[in-house]
Amino acid sequence: MDMYQNILVVIDPTTDEQKALNRAIDLATRINIAAPDQQINITAFFSIFDFSYEMTTILSSGERDSMRQMVINEKQQWLDDIISVTNSPINITSKVVWHNRPFEAIIQQVIEHNFDLVVKGTHQHDKFKSVVFTPTDWHILRKCPCPVLLVKEHEWPLQGNILAALNVGSDEVEHLSLNKRITQQAKNIAQLITANVHLVNSYPGTPVNIAIEIPEFDASEYNSAMQTHHKEAMSKHANSFDIPLTNTYVEEGLPETVIEHAARKIDAELVILGTVGRTGISAALIGNTAEHVIDQLNCDVLALKPEGYISPMAE
């Protein structure tokens, strides 16, 4: 099984409760059981930066370096203590760096050390009971070359459900390749954690401007044709992966609405989706779609890039 061997866990320095680390250990342990010959490594990582140390002009650069190193050593010890408490059989190393942009520090680690998965916890806003995503989360989702697992507060029970969000209506090679990748990942993880795979696909309704501007345009016929096209594409895709059609959902609507509805319906513990690796305006729009989807979900999210994606930070 082609699974993760080199995992980077982004540590939250504001708490001792590290759900991302716990999830990574759980996943690595299951991979180890499934493939005992594979060496799984976890690196617990975070970047720290204190502007006040940079602004202390009365200190020499050597003294500033020394003070920075003291802060790093202190945090490293705190992190090592957290790791030791886990009593994990998995090989876990710690790393703390000084960097003023956390997402850049994380992606640099991925590029330099060939990590094949980044695991990061999300923050819950106590007042609204909703998850609050930071700019760091969005930057990682858009620019990290390897898969990113965002961990929420949902358990991974036996015989639970994994939802793979696809775009089966498109003939673009990038989308077709990503659909296969997402579905294969879903099957691999389902095998690891003894879960069931479900597939979901949304399709757009009749464009309002067309219905208004062209009186003879038949909206119901258009909708029916669109639905048939997507259902047939989904059926073909599901069959190629031996996934029962009863585990597929094809609905009209915005991706964030349709995916969230399906995830809630099956109480998914994990949603896997793709973030198409484009740049410029289209990347912002596609990125926003993924972000809206993730915002709506109350479970873990695994975001995958297309084959051959190159991070803008590696260029």
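Because the structure is predicted, anything quoted here is derived from the model rather than measured.
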(request) Please report the closest heavy-atom contact between S47 and P102, naming both atoms and the distance. (result) OG-CA, 3.4 Å
(message) If I compare all heavy atoms of V96 with all of I48, which pair ends up nearest, and what's the gap?
(response) CG1-CG2, 4.0 Å
(request) With rounding to the nearest 0.5 Å, note down the distance linking CG in D267 to CG in L163. (result) 11.5 Å
(request) Check whether the side chains of D116 and N6 place a donor and an acceptor atom closer than 3.5 Å, and report yes or no. (result) no
(message) So, taking the atom named CG in N239 and the one named CE in M234, what distance separates them when rounded to the nearest 0.5 Å?
(response) 11.5 Å
(request) Assess whether side-chain contact (heavy atoms from CB on, under 4.5 Å) is satisfied between I272 and I162, documenting all intermediate values. (result) CA-CA 8 Å; I272 304 178; I162 294 174; 3.9 Å; yes
(request) Mind checking the CD1-CD1 spacing from I83 to I25? Nearest 0.5 Å is all I need. (result) 8.0 Å
(message) We want to know whether N73 and Q69 form a side-chain donor-acceptor pair, criterion being a heavy-atom distance below 3.5 angstrom.
(response) yes
(request) Compare every heavy atom of L178 with every heavy atom of G274, then report the nearest pair and how far apart it is. (result) CA-CD2, 3.8 Å
(request) Tell me, with the steps shown, if I31 and Y4 meet side-chain contact (heavy atoms from CB on, under 4.5 Å). (result) CA-CA 8 Å; I31 294 170; Y4 309 117; 4.2 Å; yes
(request) Test L27 against M3 for side-chain contact (heavy atoms from CB on, under 4.5 Å), laying out the working first. (result) CA-CA 10 Å; L27 188 57; M3 261 305 172; 6.0 Å; no
(request) Please answer whether the main-chain N or O of N223 pairs with a side-chain N or O of E252 as donor and acceptor at a distance below 3.5 Å. (result) no
(request) Would you mind reporting whether E104 and H99 have side-chain heavy atoms less than 4.5 Å apart? (result) yes
(message) With a 6.0 Å cut-off (strictly less than), is the heavy-atom count around NE2 of H261, excluding the residue itself, greater than 12?
(response) no
(message) We want to know whether Q77 and D81 form a side-chain donor-acceptor pair, criterion being a heavy-atom distance below 3.5 angstrom.
(response) yes
(request) Check whether any side-chain heavy atom of C299 lies under 4.5 Å from a side-chain heavy atom of K152, and answer yes or no. (result) no
(message) Looking at R264 and E260, is any side-chain nitrogen of the basic one under 4.0 Å from a carboxylate oxygen of the acidic one?
(response) yes
(message) Which heavy atom of V119 sits nearest to which heavy atom of A20, and what is that distance?
(response) CG1-O, 3.5 Å
(message) Any heavy-atom pair between the side chains of H175 and V168 that's under 4.5 Å?
(response) no
(message) Show the nearest heavy-atom pair for residues G169 and N201, with the distance to one decimal.
(response) N-OD1, 4.2 Å
(message) Nearest 0.5 Å, please: how far is CZ in R23 from CG in D300?
(response) 4.0 Å
(request) Keeping the roles fixed (side chain from K187, backbone from F241), state whether a donor-acceptor pair exists under 3.5 Å. (result) yes
(message) Please check: side-chain N/O of T257 versus main-chain N/O of G253, any donor-acceptor pairing under 3.5 Å?
(response) no
(request) Let me know which of L270, V9, V118 forms a side-chain contact (heavy atoms from CB on, under 4.5 Å) with L149. (result) L270
(request) Starting from the C-alpha separation in whole Å, work towards a yes-or-no answer on side-chain contact (heavy atoms from CB on, under 4.5 Å) for L302 and L304. (result) CA-CA 7 Å; L302 179 63; L304 306 180; 3.9 Å; yes
(request) Would you confirm whether N22, through its side chain, and Q18, through its main-chain N or O, come within 3.5 Å as a donor-acceptor pair? (result) yes
(request) Please tell me if the side chains of V151 and T122 come closer than 4.5 Å, counting only heavy atoms from C-beta onward. (result) no
(request) Drop me the distance from K265's NZ to H198's NE2, to the nearest 0.5 angstrom. (result) 10.0 Å
(request) Apply side chain to side chain donor-acceptor pair (under 3.5 Å) to the pair N188 and Q184, showing each step before the final yes or no. (result) CA-CA 6 Å; N188 287 354; Q184 193 57 60; 3.2 Å; yes
(request) Using the rule that two of Ile, Leu, Val, Met, Phe, Trp, Tyr join whenever any of their side-chain heavy atoms come within less than 4.5 Å, decide whether Y249 and L254 are in one cluster. (result) no
(request) Would you give the length of the straight line joining atom NE2 of H230 to atom OH of Y203, rounded to the nearest 0.5 angstrom? (result) 8.5 Å
(request) Scan side-chain atoms only and decide if Q109 and T43 contain a donor-acceptor pair under the 3.5 Å cut-off. (result) no
(request) Kindly assign one of parallel, tilted or perpendicular to the pair F46 and W78, based on the angle between their ring planes and the thresholds 30° and 60°. (result) perpendicular
(request) Using only heavy-atom distances, determine whether the side chains of H237 and T183 contain a donor-acceptor pair under 3.5 Å. (result) yes
(request) Would you kindly confirm whether L176 and V250 end up in one hydrophobic cluster when ILVMFWY residues are joined by side chain heavy atoms under 4.5 Å apart? (result) no
(message) Quick one, L245 and S235 - any side-chain contact, counting heavy atoms below 4.5 Å?
(response) yes
(request) Find out whether L79 and K95 are in side-chain contact, i.e. whether some heavy atom of one side chain is under 4.5 Å from a heavy atom of the other. (result) no
(message) With a 3.5 Å distance limit and no angle check, can you tell me whether K305 reaches the backbone of L141 through a side-chain donor-acceptor pair?
(response) yes
(message) Do N41 and Q39 pair up side chain to side chain, a donor and an acceptor below 3.5 Å, judged on atom types alone?
(response) yes
(message) Keeping N179 on the side-chain end and N167 on the backbone end, is there a donor-acceptor pair under 3.5 Å?
(response) yes
(message) Could you report the tightest heavy-atom contact between V271 and A268, atom names first, then the distance?
(response) CG2-CB, 4.4 Å
(message) Is the shortest side-chain heavy-atom distance between S311 and K143 below 4.5 Å?
(response) yes
(request) Taking the side chain as every heavy atom from C-beta outward, state whether V197 and N161 have any pair of such atoms under 4.5 Å apart. (result) no
